[in-house]
Amino acid sequence: MTTHLLDKGYEPREVEKRWYAYWEEQKLFSAEEKSDRKSYSIVIPPPNVTGVLHMGHALNNVLQDVLCRYRRTRGDNVLWMPGTDHAGIATQNVVEKHLASEGKDRHQLGRERFIETVWEWRKKYGGAIINQLKRLGASCDWDRERFTMDEGLSRAVRKVFVDLYNQGLIYQGHYIINWCVRCHTALADLEVEHEELDGHLYYILYPFPNGEGGVTVATTRPETMLGDTAVAIHPEDDRYAGLAAEAVILPLMEKEIPIIRDPYVDTSFGTGGLKVTPAHDPNDFEIGNRHGLPAVKVIGDDGSMTEAAGRFAGLERFECRKAVVDALEAAGLLRKIEDHPHGVGHCYRCNTVVEPNLSEQWFVKAKPLADKAADAVRKGETKIVPEVWEATYFDWLDNIRDWCISRQIWWGHQIPAWTCGGCDEMTVAMETPAVCPKCGSSDLVQETDVLDTWFSSALWPFSTMGWPDETDLLKTFYPTSVLVTAFDILFFWVARMMMMGIHFMGKIPFEDVYIHAIVRDEDGKKMSKSKGNVIDPLSVMDRYGTDAFRFTLAAFAAQGRDIKMSEQRVEGYRHFINKLWNAARFSLMNMEDAAPTEADLSAARLSLPDRWILSRLHGVMKTDAGALDAYRFNEAASALYQFIWHEFCDWYLEAVKPTLYEEKGAAEKATTLFVLWRTLKDALILLHPFIPFVTEEIWHKLPGVEGSIMTARFPADDPSQPALREDPEAEAHMALVMDVITGIRNIRGEMNIAPSVSLAATVQSPNEAKRKLLAAYRDLIVNLARLSEFEVAPPGDQPPSAAAAVIEDAALFVSLEGIIDFDKEIQRLEKETGKLQKELKGIAKKLSNEDFLDKAPEAVIQKTRDRHESLSEKQQKLQENLNRIRAMVA
RNA sequence: GGGCGGAUAGCUCAGUUGGGAGAGCAUCGGCCUUACAAGCCGAGGGUCACAGGUUCAAGCCCUGUUCCGCCUACCA
């Protein structure tokens with residue numbers, strides 16, 4: 001320990017760097033694989049390896065860090081498992097872009113070389129987000145850091161795939177899926193984002209073969225007509241009841257296609273005629289299956305028209321749309337065009353319009369897994385907080401559809417399925433087979449598709465802990481205590497982890513799921529690069545310090561509402577950090593190098609402010625623990641804020657200054673010093689989870705403590721310290737003293753009397769006990785209200801030139817001999833009585849209501865009566881004073 | 001189309017079994033009081049979106065309306 005004095009201002013940057021390095025060196029984030037202590041574990045939502053820290057990460061990780069640091073102070077064996085996600089499509093896109101800037105593309109490199117390049121890229125840039133998490137103060141067990149493409153996790157992925165395949169829960173099939181023509185891969189339904197666009201509805205006449213009339217169909221995507229293989233009408237549609245024709249001519253393609261009847265057709269939409277394109281629409285695909293229609297793929301995987309599109313072949317799909325419309329127009333078959341806003345699917349990775357496309361893909365049969373995942377929450381095995389999200393969770397799981405897990409990209413877990421060139425047999429296995437188990441041929445070709453990234457992240461809670469091996473880590477930490485995440489990945493990730501966790505571990509992956517808010521900009525808009533409204537957390541930390549930023553996030557994290565981030569708020573909390581710093585600075589200035597000797601904390605030996613602050617410390621400790629245990633971060637943060645600033649600084653420190661300056665004697669100083677030390681020490685421990693850096697810095701200047709504050713125990717759990725307790729008497733006495741002081745200050749302020757002017761005050765109360773109390777705390781009142789004289793007396797003559805206030809049954813007079821402004825005082829009293837009058841009227845009305853007296857609980861009635869009595873007493877006293885002053889003026 | 005959330009002080013938001021409307025910031029007035037002017041002391045400011053209902057009593061419970069935001073959906 002160098003000096004115990006703090007610098008005048010808190011300089012976050014150097015402090016943050018120093019202590020983070022210290023924590024890492026001392027291995028203070030490390031979990032014990034085996035321990036007698038209670039386990040507490042969280043797996044981090046793994047950020048994309050290509051990611052940079054944004055506000056969402058910051059909030060998410062600060063909340064996790066608060067919980068982990070809090071649980072450590074409570075003595076738990078804490079594991080916060082960190083890692084990153086290989087983010088297949090996103091990462092591949094990033095690296096491809098990088099290649100493009102060098103004039104290369106992945107096909108030139110080939111699959112193997114490309115994957116090597118991604119690994120190189122990952123090695124070079126993939127650590128960025130991890131370092132940014134460290135900057136945030138995240139106390140993850142970094143020695144256990146995992147990556148979804150690591151060997152161990154890849155083995156878990158393979159095992160899960162093989163098991164599910166053998167259990168019949170994974171299958172391969174030819175289906176309509178969402179296809180991104182830019183990423184060149186299939187997407188799961190979830191990965192498609194719908195956006196309402198102003199489109200058009202085109203009405204096209206499909207003529208009968210005999211040339212007389214036809215069926216008019218309506219479509220938003222006219223280019224797909226080239227792949228139509230039927231026209232459907234509803235079997236009971238009267239408009240087509242007498243229809244003789246059994247086919248129409250598909251315009252532009254000049255080919256005959258059948259008219260079919262299917263109840264799927266909505267008679268109320270358009271003309272009641274539906275064009276059927278099995279290869280490019282999921283509904284049409286099913287209709288096609290029902291009626292045995294061929295599927296003609298006219299839009300290729302690259303988004304341009306195929307040979308099957310005839311003379312439109314080679315055109316880009318939207319170019320083709322125009323061309324088709326023009327051609328139809330020219331042929332006189334375009335009946336009309338209507339404006340038609342409708343939802344259009346976009347790729348969640350690159351925002352390209354997604355094309356429903358027919359192809360061979362792998363799917364997970366989701367229903368059996370989803371049912372168990374929903375049940376676990378229904379039975380309360382896993383609790384979702386706040387509860388409102390349960391409905392959303394159930395809704396999705398109860399209506400789940402099979403999950404398309406294959407992706408036509410290179411970066412990811414290649415599907416462990418091999419097809420025999422000899423006999424076409426498919427082998428799915430953990431290890432690469434040498435020969436075909438059926439025919440013995442060694443001509444085996446592995447499936448080129450890779451798995452959806454979310455397939456591997458679904459295993460995260462147990463794959464990171466060593467599964468499929470039965471590790472100590474799993475035994476100690478699975479199921480995890482809580483998952484902290486935002487609702488936008490409730491389906492993508494949370495639900496799927498539930499499905500996989502229950503299926504493979506036989507146990508839910510987490511006891512609680514805490515869903516926090518999304519961070520938005522000041523105007524409530526989602527932050528996005530394209531809108532240019534992103535606030536970079538790193539620059540916020542640079543300017544205001546990490547602790548201020550963290551405290552802001554925690555204070556904003558009220559359940560069920562989005563967070564609107566503004567730098568102004570962070571600035572406000574920087575002031576709080578500074579306030580704490582200075583309070584500590586003041587405290588330390590008064591302490592010797594050694595820890596204050598332990599004092600007797602029984603009420604008899606302590607001054608009122610000492611008793612009071614210890615009682616308040618006990619109170620805030622309880623609030624803090626209760627709030628954090630229930631994930632009410634904002635409540636914990638604001639309780640601590642309130643305590644430090646408005647109780648500890650504003651009242652306690654001011655109250656004990658004379659004692660610290662040894663105006664009351666050495667013994668009193670020693671006692672107060674101990675209380676001050678204890679309060680500061682415990683407050684730092686309570687604050688540490690929120691603002692770890694500044695608390696650690698102060699901690700090391702505090703005498704009588706050892707090691708890091710990270711190893712300190714929560715006040716209620718520390719056997720080496722006398723227990724804190726509630727002291728209602730001290731709180732009541734202090735409240736009275738504070739009322740008197742505030743009353744005097746109020747008069748001073750309202751009458752514009754400078755603080756430098758000492759005043760004389762008198763309190764008159766009929767209550768002898770109260771008089772005794774006030775007399776006993778005379779020094780405190782004189783000091784904090786800046787008085788020259790303070791008299792306590794029974795009710796009697798009122799001082800002549802005095803301003804008055806009423807505190808409970810006591811009248812307070814502040815002598816203003818020579819400086820009183822009578823008009824001002826009259827105004828002040830009138831304002832006060834006016835307010836009281838209004839309130840009294842309301843209460844009186846209540847009390848005169850028979851129904852109220854009849855039906856309200858006795859306690860409520862009594863409370864109302866008491867209040868009425870004390871208010872009218874106060875009113876009367878103020879009125880007397882008002883009359884007195886008026887008389888003096890007149 | 002279905003569902004969810006929000007509307008409380010100038011701004012941003014708390015308000016958990018219905019029983020005296022709160023905080024931070026901003027504003028106004030007074031202070032360089034030897035930890036902190038990133039501060040201290042004091043003050044003003046709200047028909048709790050609107051309309052009904054239940055109740056002795058509603059910001060809170062019920063119904064409806066308006067305006068925002070979000071999620072979800074295979075009507076071309």
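The basis for the numbers below is simple: all heavy atoms, side chains too, and nothing from hydrogens, waters or symmetry mates. Convention: sequence-line order gives letters A, B, ...; per-chain numbering from 1.
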### Task
Determine the contact category for A/Y661: base if any of its heavy atoms lies under 4.0 Å from a base atom, sugar-phosphate if only primed atoms, P, OP1 or OP2 are that close, otherwise nothing.
sugar-phosphate
Practice prompt. For A/P857, answer base if it contacts any base atom (sugar-phosphate contacts may also be present), sugar-phosphate if it contacts only those atoms, and nothing otherwise; contact means non-hydrogen atoms under 4.0 Å.
Written response: base
Any side-chain N or O of [X] under 4.0 Å from OP1/OP2 of [N]?
| X | N | result |
| --- | --- | --- |
| A/R569 | B/C25 | no |
| A/K835 | B/G44 | yes |
| A/W645 | B/C40 | yes |
| A/R401 | B/C74 | yes |
| A/N399 | B/A73 | no |
| A/H646 | B/G24 | yes |
| A/H575 | B/G39 | yes |

task = Could you check which of B/G42, B/G19, B/A76 has an atom nearest any side-chain atom of A/T742?
result =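 That would be B/G42.
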What is the distance from CD of A/E11 to P of B/A38, rounded to the nearest Å?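 Taking CD of A/E11 and P of B/A38, I get 14 Å after rounding.
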Provide, to the nearest angstrom, the distance between the CZ atom belonging to A/F269 and the C1' atom belonging to B/A73.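 One finds 15 Å between C1' of B/A73 and CZ of A/F269, rounded.
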Q. A/L871 or A/V388: which one's nearest nucleotide on RNA chain B is closer to the 5' end?
A.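 Nearest nucleotide further toward 5': that of A/V388.
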With RNA chain B as reference, determine whether A/D851 or A/N582 sits nearer its 5' end, using the nearest nucleotide of each.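 This one resolves to A/N582.
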| message | Which nucleotide, if any, forms a Watson-Crick or G-U wobble pair with B/U12, using both distances under 3.5 Å? | response |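 By the stated definition (distances under 3.5 Å), B/A23 pairs with B/U12.
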| said: Looking at A/E825 and A/A804, would you say the former's side chain and the latter's main chain have a donor-acceptor pair under 3.5 Å? | reply: yes
query: Should we count CD of A/E195 as having more than 12 external heavy atoms under 6.0 Å?
result: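 Count over threshold, so yes.
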Without hydrogens or angle criteria, can the side chains of A/Y348 and A/E193 be said to hold a donor-acceptor pair below 3.5 Å?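 No - no donor-acceptor pair under 3.5 Å links their side chains.
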Quiz item: With a 3.5 Å cut-off and no angle check, do the side chains of A/H200 and A/D339 form a donor-acceptor pair?
Solution: yes
inquiry  = Is it the case that the base of B/A57 and the side chain of A/K845 share a donor-acceptor contact (distance under 3.5 Å, atom types as modelled)?
reply    = no
>> For a 4.5 angstrom cut-off between non-hydrogen side-chain atoms, does A/N746 reach A/R828?
In response: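 They are in side-chain contact.
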